[in-house]
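Protein chains get the first letters and strands the later ones, always in sequence-line order, with residue 1 at the start of each.
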Protein chains: 2
Amino acid sequence: MKTKDRIMEFLRGFIEENGFAPSIREIACHLRFRSTKAVKAHLDELADMGLIEKRGGIARGIRLKERGVPIIGRIVAGQPTLQFEGVEGHFSLDRWKGNFLLRIKGDSMVGANIEEGDLAVIDKDREPRKGDIVVGLVEDETTVKRLDKEKGRWVLKPENPNYSLIDKDFQVIGVVIGVIRSYYK
Amino acid sequence: MKTKDRIMEFLRGFIEENGFAPSIREIACHLRFRSTKAVKAHLDELADMGLIEKRGGIARGIRLKERGVPIIGRIVAGQPTLQFEGVEGHFSLDRWKGNFLLRIKGDSMVGANIEEGDLAVIDKDREPRKGDIVVGLVEDETTVKRLDKEKGRWVLKPENPNYSLIDKDFQVIGVVIGVIRSYYK
DNA sequence: CCTCCAAGTAAACATTTGTTTACCTAAATA
DNA sequence: TATTTAGGTAAACAAATGTTTACTTGGAGG
């Protein structure tokens, strides 16, 4: 069962580096196999196991099922080294494909733990509801605020007591469905 | 110049859907071209323009330069519809490849705008410095806190006045180099 | 010790797919 | 109007690559 692990490892590395999957012969070569037959068998089994997707007859038609960065379940202290066990899942940007990011300016949403420089993930098709954090267009200016209703009127509320509520006319451009922050540039 | 846009659009869609690039013939077919020659010429030019990477002689050896989700520079209000102009760049998980994610439990770091449920991006190889937010291992428990030095002694500081500082022995497992938050599941 | 079998070898085979050469055509240009 | 040329057509060509068949082999198990 070790061979399949080596294949998966190779696939991960190769795809990350090249952006496309290796050919069966390249895999065979890496494993020091002299035939492609065994590799194909392993790949078919990996596909059955649900670890990869494989399109028959198509060159380099392999895709990993696990995409993105692994989410670790638990960290345990082995003797000298650490172990990261239990991959709870993988986080991938796939779920945010088709949307776009908007960089946060100012600190009007710190109350919602959104700070300057953060990237807000915007879904412009999602229907905005009361309580959602949204991108609003107010007099040609865009701001990220929380959508609320006061006295039957839609308003944009900052999450910082130093800023005041916006109850002018505005247009909701999209809903903030996520936040990405990157320290150290 | 319209044709190249159509090619790029097709590439984006195809790659997102299948996980690998289309063959030249598939592109030609999509554009309703009867020859592959023109497509290859366009692809070579796109590579020269720096929009794609292309590996000669390799099946489906195309990779988009723009990976991930676009970061919008500005939003302007066109008459009825909106326009998202100026792609400032693209955010990709590539930069975080090789690291892993840890889900935040508790609210001890709200002062740093990290809340429960957030995914902390952990770099276990980065050298921790004073002021960094780190993952610490204290008596077989992992916590995310800010690394600080008090009276010549390393300590872990929460960013929430309701929690108290940890000055027991601990081990730094990694540095938090980013945060990902996803609303709506 | 013999049998069986998973796993690999070897060698073709059949497509898929990138590349190339020669030619065509309509629109821009002189 | 004659010429040029970007961009496409057509048809081969040459690799790259998935697939298949027949054969070998080292070790687990009876």
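- Between the side chain of A/Thr36 and the base of D/dT17 there is no donor-acceptor pair of N/O atoms closer than 3.5 Å.
- For the OP1/OP2 pair of D/dG7 and a distance below 4.0 Å, the side-chain nitrogens and oxygens of B/Lys4 include no atom meeting the criterion.
- Between the side chains of B/Asp132 and A/Tyr184, at least one donor N or O lies within less than 3.5 Å of an accepting N or O.
- None of B/Val155, B/Val176, B/Leu156 except one satisfies the side chain to side chain contact (heavy atoms under 4.5 Å, CB included) rule with B/Leu147; the exception is B/Leu156.
- Here the nucleotide nearest the side chain of A/Arg60, chosen from D/dG8, C/dT17, D/dA16, is D/dA16.
- Distance, A/Leu31 CG to C/dG8 P: 9 Å, rounded to whole Å.
- Considering only side-chain atoms of A/His42, the nucleotide from D/dG18, C/dG8, C/dG18 that sits closest is C/dG8.
- Residue B/Leu43 contributes atom CG, which lies 12 Å from atom C1' of C/dT19 at whole-angstrom precision.
- Side-chain N/O atoms of B/Arg25 and base N/O atoms of C/dG18 include a donor-acceptor pair closer than 3.5 Å.
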Test salt bridge (Lys or Arg N to Asp or Glu O under 4.0 Å) applied to A/Arg60 and A/Glu26, step by step: CA-CA 10 Å; A/Arg60 300 170 187 275; A/Glu26 285 168 336; 2.9 Å; yes
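- Nearest heavy atoms, A/Arg63 versus B/Glu16: NH2-O, 3.0 Å.
- As a whole-Å value, the separation of B/Ile52 CD1 from C/dG18 P is 12 Å.
- Atoms CZ (B/Phe20) and P (D/dT17) sit 14 Å apart, rounded to a whole Å.
- Considering only the side chain of A/Arg34, C/dA10 comes nearest among C/dA10, D/dG8, C/dG18.
- Nearer to the 5' terminus of DNA chain D, by closest-nucleotide assignment, is the contact made by B/Arg32 (compared with the other of B/Ala59 and B/Arg32).
- Of the candidate nucleotides D/dT9, C/dG8, C/dT16, C/dG8 has the atom lying nearest to any side-chain atom of A/Lys37.
- Heavy-atom distances to DNA chain D give each of B/Glu45 and A/Lys40 a nearest nucleotide, and the one nearer the 5′ end belongs to B/Glu45.
- In this structure, B/Arg55 atom CZ and C/dT19 atom P are separated by 13 Å, rounded to whole Å.
- Atom pair A/Ile58:CD1 and D/dT17:P shows a separation of 14 Å (rounding to whole Å applied).
- Taking atom CG of residue B/Asp44 and atom P of nucleotide D/dA6, one finds them 16 Å apart after rounding to whole Å.
- Within 4.0 Å of A/Gly61, counting heavy atoms only, lies no atom of the nucleic acid at all.
- The CD1 atom of B/Ile24 sits 8 Å away from the C1' atom of C/dT17 (whole-angstrom rounding).
- Taking the six-membered ring where the residue is Trp, B/His42 and B/Phe33 present tilted rings, their angle falling between 30° and 60°.
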